[in-house]
Amino acid sequence: MRSSGANAPSQKEPYIRSRENPFFDGLIRSGDIRETRPKNCVSDTDISEDVIELSLDNSAVSGFNSESFDHSSSERWLKTSKIAPFIQMGILSEPIEPVHQKQFEYDHSPDRTPEADENHQALQSSPAIPSSGKTYTVIKRKEKLSSILLPLSAASYYNGVSPEMEIVESCESIGKLNAYLKARKDDVNAGVPGKFLHVVMGPDDADVGTVASIVMYSFYLNLTSESDQLCTVPIININRANLSSNVELKWLLDSCHIDQSSLIFSDEIDLSYYDLFGSLKIVLLKGSRIARKQEKLKQAVVENFYCGKGETIYPWVKTVTTGEDCSCCTAIADKFASFSPEILASKSFSKLLLAGILLDTANLKDLRCTSKDKYIASLLINGAGRYGCSGLYQLLRYKMHDLSSLQVADILRKDFKKWTGQESSDSRSVQIGMSCIGISIGQLLSHAENLAQEIKGFQFSEKLRALIVVSGYYNDEKSFKREILISSESAKLLESLLFFLDFNASRLPLKSLHFPGLKNEMKAYEIDQITSRKIVEHLIQEFVGIPKA
């Protein structure tokens with residue numbers, strides 16, 4: 001049975017499509033203050049009074065015509081069109097002046113409160129707060145991007161695929177970071193008097209994500225530290241000479257305007273000196289164990305940041321942050337977003353963190369990529385630039401495999417490991433290195449006029465008795481190929497190594513390759529099956545006498 005109120009008329013007011021609400025006043029007013037227009041229709045003459053006519057005779061888009069839409073593919077249109085760019089050379093040839101914050105006037109109305117008077121007096125007596133501004137400079141692009149598969153963008157539509165000019169932003173956030181790095185290096189050069197050396201370091205590696213995490217987390221600890229007894233310093237755990245072989249990292253540091261001279265590498269500081277006097281404290285990033293070459297310093301570890309779940313940590317370490325299957329740069333950016341979100345507005349500052357996230361998560365497409373990675377990447381989107389996250393990722397991937405500007409030693413050092421084994425018959429330790437490259441052995445041979453001499457020079461600099469170059473690449477038929485080049489200091493050691501590999505032919509079947517110019521102590525082979533480089537690595541460890549883990 002229905003209640004008596006069921007048939008009662010609704011108490012809601014009828015909906016009227018009207019714009020008399022004051023919220024819409026700004027939409028129907030012109031530049032001067034007028035009365036609200038009536039609800040009836042507006043005539044054409046009224047529209048012409050209030051609407052500013054936009055002329056289509058714009059010289060900046062003079063190259064645009066209706067025939068451009070006849071093309072079915074926008075990418076084909078980009079290759080054939082010759083649209084004049086909006087940004088002309090003469091307009092932005094000088095740096096743009098910084099935009100300062102607006103100074104608001106004080107309200108002198110009689111309705112102001114006593115609290116407002118007190119705040120106004122406090123502001124008048126306090127020192128002036130420096131305004132944070134940005135400076136933009138237009139410079140000529142150092143490289144052409146036409147050979148890189150970049151995604152289409154609105155900027156490409158007007159400026160072309162590879163513009164000759166680029167706009168460089170200089171802001172306060174990256175200036176503070178460079179000032180911090182320089183101050184800490186000055187402290188290290190002075191011996192860090194009266195303070196603990198608080199080192200932030202990662203594994204024995206120098207990929208983009210690791211370096212970005214080390215620099216940014218040390219900067220965060222420096223900003224949030226409440227102790228004046230700690231000198232927080234980022235240490236990149238490679239030699240400075242190896243930086244040139246990491247093309248993508250060097251390019252990223254340059255594009256983010258990081259002062260590379262202020263960075264400290266592991267060969268530029270003796271951490272054992274500070275550990276001897278008990279003034280060393282180490283924060284480990286992206287791992288629970290210190291690198292093997294610094295094993296003697298493990299007692300100085302005081303914090304593990306972003307180690308994997310289930311990893312065995314040192315029992316004396318109390319501060320442990322476990323990774324949540326997302327990028328380490330994501331966790332650090334999240335800390336900055338909570339502590340000082342405005343610092344992430346800098347393009348260079350956010351670009352460094354975003355690059356680490358994109359490479360760690362394969363452009364946010366890895367199965368281990370989390371929703372937090374995607375959320376933080378959206379906060380850092382300003383750092384991606386005109387081509388977005390996919391464009392930045394493609395640039396980094398291109399730089400990672402670009403060997404055109406590298407010497408042979410840099411190519412071999414790009415992905416290099418070495419092992420020291422048991423004493424040999426001539427009372428010398430067996431030290432063998434392995435370099436992994438992404439080109440064929442034939443391409444490597446064509447990279448230098450005298451490759452044999454270049455390889456021998458690399459072996460001598462790394463004090464290697466033998467070097468195995470492992471090549472992995474795709475041929476013209478899109479088939480994956482694996483090749484190796486073995487170089488030893490003597491024919492006797494080469495014979496011993498080849499006998500060992502022949503004994504393990506079931507794991508590593510070799511097919512001989514013949515290249516002119518190789519010395520007697522060098523042999524090249526094609527691996528006659530799809531083989532991971534881990535198998536080669538395990539065989540080297542067995543040869544030098546390192547037991548299996």
Side-chain angles (χ1 to χ4, degrees), residues 143 145 148-151 200-219 234 236-238 242-258 260 263 285-287 305-308 323-336 344 347-403 406 410-411 413-416 436-438 472 533:
E143 57 188 351
L145 307 179
I148 308 175
L149 183 61
L150 295 172
V200 179
M201 62 191 305
D204 191 6
D205 196 1
D207 58 30
V208 168
T210 300
V211 174
S213 300
I214 291 172
V215 173
M216 290 305 194
Y217 190 59
S218 61
F219 185 50
I236 301 176
N237 214 359
I238 61 170
N242 296 352
L243 179 62
S244 58
S245 61
N246 292 272
V247 183
E248 70 282 2
L249 175 59
K250 197 172 188 313
W251 173 84
L252 181 64
L253 294 175
D254 287 335
S255 62
C256 292
H257 313 295
I258 302 296
Q260 299 178 30
L263 296 175
L285 262 69
K286 301 179 69 173
F305 183 80
Y306 218 74
C307 58
E324 300 177 358
D325 296 331
C326 58
S327 172
C328 183
C329 291
T330 297
I332 297 172
D334 186 40
K335 287 183 174 293
F336 275 110
L344 297 177
K347 182 177 181 179
S348 298
F349 199 93
S350 57
K351 184 177 184 178
L352 191 60
L353 289 169
L354 180 61
I357 295 174
L358 294 178
L359 288 180
D360 289 344
T361 61
N363 198 20
L364 305 177
K365 295 178 182 178
D366 193 278
L367 295 177
R368 295 172 295 177
C369 179
T370 63
S371 58
K372 191 172 184 179
D373 289 318
K374 299 177 181 179
Y375 168 70
I376 294 297
S378 66
L379 293 183
L380 305 174
I381 192 65
N382 183 43
R386 68 197 294 263
Y387 293 109
C389 289
S390 296
L392 177 60
Y393 177 74
Q394 293 297 338
L395 277 168
L396 291 167
R397 293 288 298 176
Y398 173 80
K399 291 293 181 182
M400 192 178 298
H401 298 93
D402 182 21
L403 307 178
L406 297 182
D410 294 330
I411 297 175
R413 193 178 286 112
K414 189 174 178 64
D415 190 351
F416 173 72
C436 297
I437 60 176
R533 62 182 186 177

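Index from 1, following the sequence.
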For [X] and [Y], work out which heavy atoms get closest and say how close.
X: L380; Y: A333; result: CD1-CB, 4.2 Å
X: A331; Y: F305; result: CB-CZ, 4.2 Å
X: S390; Y: N363; result: OG-ND2, 3.4 Å
X: C329; Y: G209; result: SG-O, 3.7 Å
X: K286; Y: S213; result: CD-OG, 4.4 Å
X: L358; Y: L364; result: CD2-CG, 4.1 Å

Quick one: pull up [atom1] in [X] and [atom2] in [Y] and give me the separation to the nearest 0.5 Å.
X: R533; Y: C436; atom1: CZ; atom2: SG; result: 4.0 Å
X: N382; Y: L354; atom1: CG; atom2: CG; result: 10.0 Å
X: Q394; Y: C389; atom1: CD; atom2: SG; result: 12.0 Å
X: L253; Y: E248; atom1: CG; atom2: CD; result: 10.0 Å
X: K365; Y: Y393; atom1: NZ; atom2: OH; result: 8.5 Å

Assess the residue pair I437 and K414 against the criterion (side chain to side chain contact (heavy atoms under 4.5 Å, CB included)); give the C-alpha distance rounded to whole Å, side-chain angles, the decisive distance to 0.1 Å, and a yes or no.
CA-CA 8 Å; I437 60 176; K414 189 174 178 64; over 6 Å; no
Among V247, L359, L249, whose side chain to side chain contact (heavy atoms under 4.5 Å, CB included) with M400 holds?
L359
Tell me, yes or no, whether the heavy-atom count around K250 atom NZ, taken from other residues, nucleotides or ligands under 6.0 Å, exceeds 12.
no
Under 3.5 Å, is there a donor on one side chain and an acceptor on the other for [X] and [Y]?
X: D254; Y: Q260; result: yes
X: D207; Y: T210; result: yes
X: D410; Y: S245; result: no

Close side-chain approach of [X] and [Y], heavy atoms under 4.5 Å:
X: T370; Y: Y375; result: no
X: R413; Y: L406; result: no
X: Y306; Y: I332; result: no
X: K374; Y: C369; result: yes
X: N237; Y: P203; result: no
X: V215; Y: L263; result: yes
X: L379; Y: I376; result: yes

After noting the C-alpha distance and the side-chain angles of D373 and T330, does the key distance pass the side-chain hydrogen bond (donor to acceptor under 3.5 Å, both in side chains) rule?
CA-CA 6 Å; D373 289 318; T330 297; 2.6 Å; yes
Any donor-acceptor pair under 3.5 Å linking the side chain of D366 with the backbone of R368?
yes
With no hydrogens and no angle check, is any side-chain donor or acceptor of T361 less than 3.5 Å from a backbone partner on I357?
yes
Kindly say whether the aromatic ring centers of F336 and F349 come within a distance under 6.0 Å.
yes
Candidate pair V208 and K399, rule side chain to side chain contact (heavy atoms under 4.5 Å, CB included), full reasoning:
CA-CA 12 Å; V208 168; K399 291 293 181 182; over 6 Å; no
Could you go through L353 and L344, starting from their C-alpha distance and side-chain angles, then the distance that decides it, and tell me whether this counts as side chain to side chain contact (heavy atoms under 4.5 Å, CB included)?
CA-CA 9 Å; L353 289 169; L344 297 177; 4.1 Å; yes
